[in-house]
Amino acid sequence: ETGVTQTPRHLVMGMTNKKSLKCEQHLGHNAMYWYKQSAKKPLELMFVYNFKEQTENNSVPSRFSPECPNSSHLFLHLHTLQPEDSALYLCASSQEGGAGGGYEQYFGPGTRLTVT
Amino acid sequence: AQSVTQLGSHVSVSEGALVLLRCNYSSSVPPYLFWYVQYPNQGLQLLLKYTSAATLVKGINGFEAEFKKSETSFHLTKPSAHMSDAAEYFCAVRGRQGAQKLVFGQGTRLTINP
């Protein structure tokens, strides 16, 4: 595997279900991110993790619970979601703190989530 | 705080024509700037980035962008459009200090007409 991988690619869940999204980066980066992409809206940053520590939570509802057990893996635990949570969830990673700047983020293919 | 505005949510060009996708940023100091492309059912792929070296930045797939501080712009161009360029394009900005948040524009859907 190369780059950033996400599983599953598609997920349909009821509002009472509990599910998890998984992200793995194979780039040796030290930061990981969750984004939400809804139709007709800009990408929304949800969470930021640096060296496994959460450094940003953009007022995300508690029904979304991130977990970062190590610098290569990131999970998003979902429970009691609402239909408006249906979206494409993108994971990204970057290398922070190095010389040269830029710090571009590399994205996975996303998980298409549908809440029924 | 940084922000970006992409002018035009839809752009349509003929195959072989010039592609111009517009992006204006707002920042107190020149930021880092990025263009990403998203094909259907895929994640975002980095096309190019500006980090303060050359103001004309060349990227993948024949795209380039020019940083113009006086106009606070970072427009994306390609001399000759291919059918395979049909996708959604996102401009993004990141500040040079402090938070590592990447702020995206709303995206421009590029359609190529045969």
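Protein chains get the first letters and strands the later ones, always in sequence-line order, with residue 1 at the start of each.
Other members of the cluster containing A/Y106 are A/V4, A/L27, with ILVMFWY side chains joined at under 4.5 Å, either directly or via other members.
Contacts between B/Q45 and chain A at a heavy-atom distance below 4.5 Å are absent for every atom of the residue. Interface residue A/Q37: only side-chain heavy atoms are found under 4.5 Å from chain B. With a threshold of 4.5 angstrom between heavy atoms, B/L44 approaches chain A through its backbone and through its side chain.
Comment: A/E84 does not engage A/K36 in a salt bridge, judged by the lack of any side-chain N to carboxylate O separation of less than 4.0 angstrom.
Classification of the B/F74-B/Y50 ring pair by plane angle, with boundaries at 30° and 60°, yields tilted.
No hydrogens or angles considered: nothing links the side chains of B/D85 and B/H82 as a donor-acceptor pair under 3.5 Å.
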